[in-house]
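One structure is given here, and the rest of the page talks about it.
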Amino acid sequence: MSEGDELAVPRTWQAMRVSESALLIELGDVCAPLTQDAVHALFFALSAAAPPWLLDLHPAYTSLLVEFDAHVVDHVEVERFVRVLPSCVPRPAARRTHVVPVRYGGEAPCDLDAVAQALSVSRDDVIALHAGSSYTVAFLGFMPGFAYLAGLDPRLSVPRRAAPRARVPQGSVAVAAGQSAVYPDAGPGGWQLLGRTDADVRALSFQVGDVVRFEPIA
Amino acid sequence: MIEIVVPGAHTRVEDRGRHGRAHLGYSLGGAADMRALALANASVGNDLGAPALELTLTGPTVVAAVDVTCAWCGGAWDVLVDDAPAPPCVAVRVRRGQALRAIAGKTGVRAVLAFAGGIATPTTGTVIRSGARLSIGPVLRSPRQGVDALYAAHAGLAQPQLVRVTGGAQATWFGDDARRAFFGEEFTVSADSSRRGVRLLGPRVERADAREPISEGVTAGTIQVTHAGDPIVLHVDQTTTGGYAKIANVIGADLWKVGQLRPGSRVRFERVSLEDAREALFSWHTQLHSLL
C-alpha cells in the first residue's frame with residue numbers, strides 16, 4: 001500500500017476529544033510504515049475535502065490532530081465527516097523528490113566521528129548508509145520547515161545526544177531515534193549532526209509525503 | 001505614520017495569526033492576548049484581527065507623525081498621550097507630534113495598542129527597533145463606543161490567575177496525586193517563558209504511567225509536563241507537535257490569559273467539561289459581536 005499512486009483511507013481509528021476545537025485521531029501506537037501511510041492518507045483526504053470548518057491539520061508519527069471551528073461543528077460531526085471520506089486518496093500530484101547536497105563531516109559542530117565510533121563503522125560507511133537511503137517526509141514540526149524524515153537505514157540508529165546543543169547551525173543534516181532531518185534554521189537541537197547543506201531548506205518547502213535523498217559533495 | 005522612539009522590551013506587530021499551515025510546521029502565531037487585540041481593534045473601529053502593537057513587560061514611546069486614533073487593552077498598564085491618561089478600550093486622538101507612552105502596571109504582562117486603520121507596514125511577528133517608522137492603513141470605520149464595558153475581565157486579572165482547562169490527551173497517565181496537585185495547587189510562572197511556552201514551577205506533577213509518549217499534534221493552550229514533572233503551557237508560537245505527556249488544554253475562551261502570565265506571578269487551573277469550554281467560547285463571541 002505504500003507504493004503506487006493511491007493510499008487507502010483508514011476506517012479504524014480512535015478519536016480523542018483533546019479540546020473543544022480539536023480532535024486527535026490515533027491510528028496506531030507504534031511508529032511503522034503502515035501507520036505512517038494511514039496518517040498520510042487521512043491527511044491527504046481531509047486536505048482534499050477541505051471542509052469550511054477545517055482550521056489546521058497536524059500529522060505526526062501515529063496520529064492526526066484536526067483543529068476545527070467550534071462555532072460551525074462539534075466533535076461528533078467531525079468524526080462523522082472523517083468516517084465518510086472516500087476510501088482511497090491519490091498521492092498529491094505535487095509530491096516531489098528533493099536531492100539535498102551534503103558536505104559530510106567538515107566544520108564543527110559535527111558528530112560524524114562520534115556516530116561512526118558508536119556504531120563501530122568507518123566515517124565512509126556512515127556517509128554511504130545515510131546517502132544510500134531514500135527518505136519520506138513523515139511530518140513537519142519542531143520549527144517551520146523542519147521535516148521528520150522516515151527511511152533511515154536501521155544500521156544508523158543512534159540515540160539523541162545526551163545533552164542538546166543550544167545552537168545547531170542552519171542546514172545541519174542530522175540523525176536520531178531512527179529518523180533524519182535537516183535544520184531549516186539555526187536553533188537548539190539534540191540530534192547527531194552528520195554534515196551540512198548549503199541548500200535553502202526553507203525554500204525547498206518540504207511537504208508531507210515528499211521524497212528526499214542526500215548527495216555527498218566534497 | 002508613527003515613529004517608535006523608545007521600543008520597549010519586546011514590542012512587536014501582531015495580528016490574529018494564521019491557521020492552515022500547521023502541517024508545514026508553522027504555529028498559529030498572532031497576538032499572545034487575542035482578547036486584548038480584539039478589544040483594542042474594536043475600540044478604534046478596525047477589523048478585530050487587524051495588525052497592532054503588542055507590548056510585553058515594558059512599553060514603548062510612540063510619536064505620531066500624522067494625527068491618528070488609537071486605543072489600548074491589556075493588563076493594568078498606564079497609557080499616556082503626552083501626560084494625559086488614556087483609559088482602556090476607548091479611542092483617543094493623538095495629534096501629530098504628540099507622544100504616546102505605555103507603562104506596565106502590576107497585573108498582566110502585555111497590552112495591545114491599536115491604531116485606526118491598522119498597522120500597514122508588513123512587519124508582523126518581528127520585534128520593533130528604536131526609530132522604526134510604521135505606516136497606518138486607511139481608516140474603515142469610526143471608533144466603536146461601549147467596548148470598555150468588556151474590559152472588566154482584563155481589569156480583574158487577580159492573583160493567582162485562574163485558568164480553565166479541559167483534560168489533555170494523556171491526562172489518564174497521571175496518578176491521583178499528580179492530578180490533585182495540577183488541578184488543586186498554585187504554580188509560579190518561570191522567567192524562562194515566552195510566546196512559545198510558559199513554564200511553571202511548583203508541585204511536581206509526576207506520571208503514574210512511564211510509557212514514552214509518541215510526538216503528536218499540539219496547539220496553543222496544550223499543557224505538557226516534562227520528564228522532570230514541570231508543566232509547560234504551549235502558546236501562540238508553539239511547535240506544532242510535542243513529545244511530552246499532555247495533561248490538559250487551556251479552553252479557547254481563557255487562552256488570552258496565558259498571554260498575561262507575568263514571570264513570578266501565580267496561576268491555578270480549574271478543570272471544566274468540554275461542554276463548558278464550548279459554552280464559554282460561544283458566550284465570548286456573543287459578547288464580542290454585540291459590539292460590532
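Proteins get letters first, then strands, A, B, ... in listed order; numbering begins at 1 in each.
Between A:F142 and B:T241, the closest heavy-atom pair is N-OG1, 4.1 Å. Nearest heavy-atom pair across A:S63 and B:E216 is OG-CB, 3.4 Å. Closest heavy-atom contact between A:H58 and B:G217: CB-CA, 3.7 Å. Scanning both residues, A:V208 and B:H23, for their nearest heavy atoms gives CG2-O, 4.2 Å. A:V18 and B:N249 make their closest contact through O-ND2, 2.8 Å (heavy atoms, listed as atom of the first residue, atom of the second, distance). Between B:H19 and A:L55, the shortest heavy-atom distance links the atoms CB-O, 3.4 Å.
In this structure, CG on B:L274 lies 10.5 Å from CG on A:D74, to the nearest 0.5 angstrom. Distance check, rounded to the nearest 0.5 Å: CE of A:M16 to CD of B:Q170 gives 7.0 Å.
Heavy-atom distances place both the backbone and the side chain of B:S215 under 4.5 Å from chain A. For A:L140, the parts lying near chain B are the backbone and the side chain together; criterion is any non-hydrogen pair under 4.5 Å. Proximity to chain B involves both the backbone and the side chain of A:A70, based on heavy atoms less than 4.5 angstrom apart. With a 4.5 angstrom heavy-atom cutoff, A:F43 touches chain B only via side-chain atoms. For B:R211, no part lies under 4.5 angstrom from a heavy atom of chain A. With a 4.5 angstrom heavy-atom cutoff, A:F139 touches chain B only via side-chain atoms.
In this structure, the side chains of A:Q207 and B:L24 come closer than 4.5 Å at one or more pairs of heavy atoms. For the pair B:T219 and A:E67, the minimum side-chain heavy-atom distance is below 4.5 Å.
Crowding of A:R213 atom CZ: a count of heavy atoms from other residues, nucleotides or ligands under 6.0 Å not exceeding 12. Open room surrounds OH on B:Y244; 12 or fewer heavy atoms of other groups in view lie less than 6.0 Å from it. Other residues, nucleotides and ligands contribute at most 12 non-hydrogen atoms within 6.0 Å of the CG atom of A:D29. Residue-environment remark: CZ (A:R155) stays at or below the threshold of 12 foreign heavy atoms within 6.0 Å. For B:Q287, the CD atom is densely surrounded, since the number of other residues' heavy atoms within 6.0 Å is greater than 12.
In summary, the aromatic rings of B:F282 and A:H71 are positioned with their centroids under 6.0 Å apart.
For the set A:L57, A:V30, A:T62, the entry with the most heavy-atom pairs within less than 4.5 Å of chain B is A:L57. Comparing B:T222, B:T166, B:V218 by heavy-atom pairs within less than 4.5 Å of chain A, the highest count is held by B:V218. Ranking B:V250, B:T240, B:V165, B:T239 against chain A, the residue ahead of the rest is B:T240, based on heavy-atom pairs under 4.5 Å.
A:E20 contributes a side-chain N or O that, together with a main-chain N or O of B:G252, makes up a donor-acceptor pair within less than 3.5 Å.
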